[in-house]
Amino acid sequence: MLEYSWIIPVLPLAAFLVILLFTRENRSLSAALSITAIAIGFVYATLLLFRQIGDNTIFEMKYGWIVFPTIEIQIGILVDSLTTVMLMVVTIVSLLVQIYSIGYMHGDPRYSRFFSYLSLFTFAMLGLVMANNYFMLLIFWELVGLTSYLLIGFWFEKKTASDAGKKAFITTRIGDFGFGIGICMLGLYFGTFNYLDVFHMAEHSVVPAGILTLTGILLFCGAIGKSAQFPLHVWLPDAMEGPTPVSALIHAATMVAAGVYMVARSMAIFASSPDAAVVVAWIGIITALLAATIALTQNDIKRILAYSTVSQLGYMIMALGLGSFTAGTLHLMTHGFFKASLFLCAGSVIHAIHTNDIQFMGGLRRKTPITFWSMLIASLSIAGIFPLSGFWSKDEIIAATAGHPVFKVLTLLVAFMTAFYMFRLIFLTFFGEPRDRKAYDHAHESPKTMTTPLIILSVLSICAGWVAIPWLHKGYSMFAYYHEPHHAHAHWDVMITSTIVAGAGILLAWLVYQKKLISADMIARKFKRLYTLSFRKFYFDEIYDAIIIKPILGFADYLWGFDNGLIDGIVNGLASFTLWLSRVKLWFDLHIIDGIVNGLGYSIWGIGAIIRQFQTGRVQFYGVIIMVGIVLMLVIRIV
C-alpha cells in the first residue's frame, strides 16, 4: 500500500490534464473527473491513515534524479504520521469544496477551467505534503503559489480580483526568496536536501549552531509568506476576491497550511536551534494578536474569516515555536475543518443575500437554517467551546504556553477576541431583524450540492478533535509527535480558564449585538483611535504603499524616463542619423553615380541616333551626300 501512495497526488494531476486537453467543453464531465480523482485519493489516504495507526513507522521511497559531485537531488515520497494527517485534511476539504463548487460555480462561463485549476491546486499541495526532500518541497511550494494566483484572480475581469492575485503572488515571493536561500544553505552546509538526513545532522550538531539558526530563520521566511504571518500577512485578506470555494481551500487545507506544515516538518531544525524557535514563537503570537484585533471591526463576512485564519495560523506557528509539535499540528487539522465550514457557510450566505457586508444582513437563520446551524457549530468550535474540535486543539496550544506567562496571557486574550468577533458575525448575520428587507425577502437556502458539504464539515467540526481527548489510551499525541510519543494529560486549569474566556467573549458579543445593552457605536466613539486603527487594518497597506510600493514605482518611472530619454534617445538618434545618411547616399547614387553612367549611355545613344540618320541604304541619298561633300571641299579650297 505504501509503495503506491504516490498515486494520491497523481490522480488530481491526471484530472487536470484530461480536463485541460479533452473535456473543457463538457462541464459535467470536467467536474466529475476532478471530484472522482480526489475522492479516490481520499479513500487511499484513509487506508494509509488506518495503516499508520496500526504501525506508526516511517516509509521512504526515493530515486536519484540529478547527481552532482557533492550532492544528489532526489525524487521521492515520505509517509509518516504528519503526512497521513495532512493527506486526510487536504483530500477531505478539497473533495467537499469541489462538491460545493458544483452549485456555487453553476453558470460560470469558465466552469471547466475552474475545476481543472482546483485539481492542479490539490496536486500541488499533496505533492508538497508527500515530498521527502527540501528540493521537491520547493518545486511544489512554488506550484502552490502559482495555482493560488490563478484561482484568486480567477475572475480576472474584476480589477480587485486581478490585483489580489498579483498581491498574493508578489508578497509570498518575498518570503520565498529567503526560503530559497535557506534551502541553498542546506545543500551547501548539510550536503543533502533529504529530510531524514538533514534532521539527523541537525539533532547531532554536525553543522555550527549559527549556521543552523540562520538556516532555520531563512526557511521560516517561506512560512511567513505562505502562511500569512506578520509582516507578510497583508495578502491573505485580499485573497477573498476569488470564488468562495477557493477561499475555503486556501484558508483551510492548501496554501496557508503549507507554511505551518513546513515548520512542523522541520521541527528537528527548530528544536535544535532555540534562537530560531524563539523567532518563530514571537512572530506567531504577534500575528495572532494583530489579526484578531483587526477582525473585531471588519464588516465584510469573508474578510472577518480571513483575519481569523491569519490569527489561528499565528496560534499554530507559536505552538510549534514553543516546541509543541502535537498542539500545532492538531490545531492545523481541526482548523482545516471548521474554517472550511465557515468559508463555505459564508459563500452560502452571500449566495442567498448577494452581499458580503454583515451590516446589511440579519434574521437569516429563518431563511437559511442549514447554513445557520453549520456556521454556529463551526463558530463554537473555533471559539473553543467544549466538546467541539476547537476546544481540544486550542487547549493544547494554551497548555503549550506553560512556563511562558507572556505567551499564555496573549494566547488567552486572542481566544477571548476570537469568540467575540465570531459571535459578532453570528448575531449580525443570523439574528435580529433584517436590515435590508428587499434582500432578505429574496434570500433562500443554498442547493443540496452546497449544503451537503456544510453538514459533513459540521460533523467534523464537532468530532475531529476528539482524537485528542486526554483520557484516550492512544490519542493524537501518541500518533503525531516529535522524538517520543507521550500521553496527553488533562489540564483542568487550562480547560476551565479557556472555557471561561471563550464564554466571556460570546457573552460580550451577545450583550452588544443581540441584547444591545452595550452600544457598539458608543464603544467605537470612546475608543475612536483604537477603533480606527483596527478598522483600517493598522494602515499596513497604506504604509507598504508609501514606503515600498510608491518608491519602487517612482524608481521604476525614473528608470523608464532614463531609458526612454537617454538610452532610447541615443538609439533613436543613431537610427535617425543612419536614415539621413542612407538618404544622402541614395541621392548621391541616383544623381551622381547613376547620372554619370546614364549620361554616358544617353550620349552614345544620341551619337548613334545621329549617325543612324546617314545610314538610310538609298543610293540617291549617298550620291547627294557625295556631291555636297565635293562642293564643300571645292569651296574650302577656293577660300
Side-chain angles (χ1 to χ4, degrees), residues 45-46 48-59 78-89 92 129 199 203 257 260-272 277 280-281 284 312-313 315-338 381-382 384 386-404 407-408 411 415 460-499:
T46 305
L48 279 181
L49 177 66
F50 283 113
R51 190 218 177 273
Q52 286 296 105
I53 292 174
D55 180 16
N56 191 12
T57 56
I58 297 176
F59 171 79
L78 179 71
V79 179
D80 61 1
S81 58
L82 179 59
T83 305
T84 52
V85 169
M86 287 303 299
L87 287 177
M88 288 298 298
V89 173
I92 291 174
V129 167
F199 301 157
E203 291 172 339
V260 179
Y261 166 80
M262 187 274 294
V263 175
R265 176 59 74 194
S266 306
M267 195 67 185
I269 294 176
F270 295 105
S272 302
V280 172
Q312 297 303 305
L313 291 168
Y315 258 175
M316 302 169 207
I317 292 293
M318 181 204 70
L320 293 170
L322 294 177
S324 183
F325 178 92
T326 300
T329 57
L330 175 64
H331 199 58
L332 178 61
M333 179 190 71
T334 59
H335 176 267
F337 298 135
F338 57 67
S381 186
I382 194 175
F386 177 87
L388 281 70
S389 295
F391 171 81
W392 306 103
S393 59
K394 186 170 287 187
D395 278 14
E396 284 286 335
I397 289 177
I398 296 172
T401 62
H404 306 277
F407 284 96
K408 188 167 188 175
T411 300
L460 292 170
S461 298
I462 294 171
C463 63
W466 291 357
V467 296
I469 294 176
W471 300 283
L472 289 178
H473 177 63
K474 290 187 177 180
Y476 184 82
S477 61
M478 300 287 286
F479 177 68
Y481 53 83
Y482 175 67
H483 270 326
E484 298 294 335
H486 58 282
H487 190 279
H489 298 286
H491 298 87
W492 290 103
D493 57 332
V494 171
M495 292 182 184
I496 295 170
T497 303
S498 68
T499 300

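What you see is a predicted model; the values in this text were computed from it and never measured.
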Checklist entry - Does the side-chain contact (heavy atoms from CB on, under 4.5 Å) test come out yes or no for Leu49 and Phe479, once each step is laid out? => result CA-CA 10 Å; Leu49 177 66; Phe479 177 68; 3.9 Å; yes
Between [X] and [Y], is any pair of side-chain heavy atoms under 4.5 Å apart?
X      : Y      : answer
Gln52  : Ile58  : no
Met267 : Val263 : no
Arg265 : Leu78  : yes
Met333 : Met86  : no
Met478 : Pro485 : yes
Glu396 : His491 : no
Leu472 : Trp466 : no
Leu332 : Val89  : no

Checklist entry - In Å and rounded to the nearest 0.5 Å, what is the OH to CG distance from Tyr482 to Leu320? => result 12.0 Å
Item to check | Distance, nearest 0.5 Å, that separates CD1 of Ile398 from OG of Ser324 | outcome: 12.0 Å
Next on the checklist: Checking Phe270 against Ser266 for the side-chain contact (heavy atoms from CB on, under 4.5 Å) test, could you report, in this order, the C-alpha distance in whole Å, the side-chain angles of both residues, the deciding distance, and whether it holds?
Outcome noted: CA-CA 7 Å; Phe270 295 105; Ser266 306; 3.8 Å; yes
Using atom types as modelled and distance alone, determine if a side-chain donor or acceptor of [X] lies under 3.5 Å from a backbone N or O of [Y].
X      : Y      : answer
Ser272 : Ile269 : no
Thr401 : His404 : no
Ser389 : Leu460 : yes

Item to check | Partner residues of Ser381 under the side chain to side chain donor-acceptor pair (under 3.5 Å) criterion, sequence neighbours left out | outcome: none
Item to check | Trp471 and Trp392 aromatic ring geometry - parallel, tilted or perpendicular at 30°/60° bounds | outcome: perpendicular
Next on the checklist: For Tyr315 and His331, take the angle between the two ring planes, folded into 0 to 90°, and tell me which bin it lands in: parallel under 30, tilted 30 to 60, perpendicular over 60.
Outcome noted: perpendicular
Item to check | From CA spacing to verdict: side-chain contact (heavy atoms from CB on, under 4.5 Å), Leu82, Phe325 | outcome: CA-CA 10 Å; Leu82 179 59; Phe325 178 92; 4.1 Å; yes
Checklist entry - For residues Ser393 and Thr334, is any side-chain donor paired with an opposing acceptor at under 3.5 Å? => result yes
Checklist entry - How far apart are the C-alpha atoms of Thr329 and Tyr261, what are their side-chain angles, what is the distance that settles it, and do they pass the side-chain contact (heavy atoms from CB on, under 4.5 Å) test? => result CA-CA 8 Å; Thr329 57; Tyr261 166 80; over 6 Å; no
If I compare all heavy atoms of [X] with all of [Y], which pair ends up nearest, and what's the gap?
X      : Y      : result
Ala415 : Lys394 : CB-CD, 4.2 Å
Ala468 : Leu330 : CB-CD2, 3.3 Å
Ala480 : Ser81  : CA-OG, 3.8 Å
Ile397 : Met316 : CD1-N, 4.4 Å
Thr84  : Val79  : CG2-CG1, 4.0 Å
Ala45  : Leu87  : CB-CB, 4.0 Å

Item to check | Those residues that, when tested against Phe391, pass ring pair (Phe, Tyr, Trp, His ring centres under 6.0 Å) (two or more places apart) | outcome: Phe386
